Amino acid sequence: MPELPEVETVRRGLAPTMEGARIVRLELRRKDLRFPFPEGLEARATGRNIVALGRRAKYLLIDLDDGTTIISHLGMSGSFRIEAGPVSDWPGEFHHLQSKDEKHDHAIFHLEGPHGISRVIYNDPRRFGFMDVVHRSEIDLNPFLFGLGPEPTGNELSAAYLAERFMGKTQPLKSALLDQKNIAGLGNIYVCEALWRAHLRPARAAATIVTKTGKPTKQMELLVASIRDVIADAIKAGGSSLRDHIQTDGSLGYFQHSFSVYDRESLPCRTPGCSGTVARIVQAGRSTFYCPVCQK
DNA sequence: ATCGGATCCTGTCCGC
DNA sequence: TGCGGACAGGATCCGA
């Protein structure tokens, strides 16, 4: 579930293995994901040292020592996993157990790091993910990153900022929050969760939580606080559950969250004192979950 | 200019 | 058990 918190969790999980390691080889096992891999990506990556692992919105950023950055988006079903040790160390049968899904391993970073040899493997059954490579100095001009809104974790996001963006918009809150140009990193799950926390109905027009002069209402203040909290909580949960995940199967994928409203159709609303039942509607072709009683 | 809808692709789950 | 349809965490493109 690669929304911002999941990508951040993946970044933190990969950093100890990747940062400071040398890319012995980047192995691309097909020519494209959603888009073709950039021309000469293998050659550009091979032999480079990884200086840092970063993130912008839902994009993982792999900074190399020649001033370039590999951009990786996980799409809907992308994940990374780490395998340690030389390939030949795996007995055939055991290796098979480790990689039930091997046909969807599309890119393999063969690494040599302070902790030895390892592989970081990108797996993506639906292939909605993609990679690009850019010069760091021009990263904000990259078509994928250009125009992205502020991170919900930083100071740039404020009720005043969002009020300006939402002023005059008839678009539903749900769609406005999914628009990465307004806020970067929210996806279907955390938009539902944030609106639930703020007691706001997803179908409401975005402009209804802005005053005539473009100032934030109390509801907008509450929404922004809810977004911050939801994201912070999810990152915290990811960080704590990741450890166990690595220990059990050596993979860095997604972990099951317990959501308050997402995927809870027909179940009781979890707002204290609320007697409502979670409803599911479709907005812009995607499921929205909300409580018709406490979200107004 | 702003919308919603269709689209890319595979896997899983549920009802018959 | 097999089969068909609905559905899935995203983002872009196109047409109304």
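Every chain is numbered from 1 and lettered A, B, ... according to where its sequence line falls, protein lines coming before strand lines. Just so we're clear, the structure is a prediction, and the values are computed from it rather than from any experiment.
Between the CG atom of A:Asn188 and the P atom of C:dC7 there is a distance of 13 Å, rounded to whole Å. Rounding to whole angstrom units, CG of residue A:Asp124 and P of C:dG10 are separated by 13 Å. Rounding to whole angstrom units, CG of residue A:Leu145 and P of C:dA11 are separated by 11 Å. Per the geometry, CZ belonging to A:Arg56 stands 12 Å off P belonging to C:dA11, to the nearest Å. Distance A:Asp132 CG to C:dT12 P: 12 Å, rounded to the nearest Å. Atom pair A:Ile189:CD1 and C:dA11:P shows a separation of 13 Å (rounding to whole Å applied). Atom C1' of nucleotide C:dT12 and atom CG of A:Leu178 are separated by 14 Å, given to the nearest angstrom. Atom CD in A:Glu3 sits roughly 9 Å away from atom C1' in C:dG10 (whole-Å rounding).
Listed in residue order, the members of residues 179-187 of chain A having a heavy atom less than 4.0 Å from DNA chain C are A:Gln180, A:Gly187.
A distance cut-off of 5.5 Å between ring centres, combined with a plane angle under 30°, leaves A:Phe128 outside any stacking arrangement with the base of C:dA11.
Partners of A:Arg270 by salt bridge (Lys or Arg N to Asp or Glu O under 4.0 Å), not counting sequence neighbours: none found. Taking A:Tyr161 as the reference, nothing meets the ring-ring contact (aromatic ring centres under 6.0 Å, His included) condition, with sequence neighbours excluded.
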(request) Evaluate the side-chain contact (heavy atoms from CB on, under 4.5 Å) criterion for residues A:Leu4 and A:Ile235: first the C-alpha distance (whole Å), next the side-chain angles of each, then the deciding distance (0.1 Å), finally the verdict. (result) CA-CA 8 Å; A:Leu4 186 157; A:Ile235 291 175; 4.0 Å; yes
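As a member of the Ile/Leu/Val/Met/Phe/Trp/Tyr network built from side-chain separations under 4.5 Å, A:Ile139 groups with A:Phe35, A:Tyr59, A:Leu61, A:Ile71, A:Phe130, A:Val134, A:Phe144, A:Leu145, A:Leu148.
Cluster membership for A:Trp196 and A:Tyr290, using ILVMFWY side-chain heavy atoms within less than 4.5 angstrom, is not shared. A:Leu222 and A:Leu200 are not part of a single hydrophobic cluster, where members link through side-chain heavy atoms under 4.5 Å apart. No single ILVMFWY cluster, assembled from side-chain heavy atoms under 4.5 Å apart, contains both A:Leu53 and A:Ile121.
Nucleic acid contact for A:Arg34: base, since at least one base atom lies under 4.0 Å from a heavy atom of the residue. Residue A:Pro172 is classed as a sugar-phosphate contact, given heavy-atom separations below 4.0 Å to backbone atoms only.
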(message) Give the dot-bracket line for DNA chain B from 5' end to 3' end: parentheses for intra-strand Watson-Crick or G-U pairs under 3.5 Å, square brackets for crossings, | for inter-strand pairing, dots for unpaired.
(response) .|||||||.|||||||
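Listed pair A:Ser77 / C:dA8 fails the phosphate criterion, with no side-chain N or O lying under 4.0 Å from OP1 or OP2. In terms of phosphate contacts, A:Arg286 brings a side-chain nitrogen or oxygen within less than 4.0 Å of OP1 or OP2 of C:dG10.
Taking the six-membered ring for Trp and thresholds of 30 and 60 degrees, A:Phe289 and A:Tyr262 have ring planes more than 60 degrees apart, a perpendicular arrangement.
On the nucleic acid side, DNA chain B has its first and last nucleotide under 4.0 Å of a heavy atom of chain A at B:dC3 to B:dG11, going 5' to 3'.
B:dA1 sits 24 Å from C:dA11 when the P atoms are compared, rounded to a whole Å. On the P atoms, C:dC3 is 24 Å away from B:dC9, given to the nearest whole Å.
Interatomic distance, CD of A:Gln171 versus CG of A:Leu177, reported as 9.0 Å (0.5 Å rounding).
At a threshold of 4.0 Å, the pair A:Arg34-A:Asp124 does not count as salt-bridged, since none of the basic side-chain nitrogens sits closer than that to a carboxylate oxygen. At a threshold of 4.0 Å, the pair A:Glu193-A:Arg197 does not count as salt-bridged, since none of the basic side-chain nitrogens sits closer than that to a carboxylate oxygen. Ion pair A:Glu8/A:Arg11 flagged as a salt bridge, since at least one NZ, NE, NH1 or NH2 atom sits closer than 4.0 Å to an Asp/Glu carboxylate oxygen.
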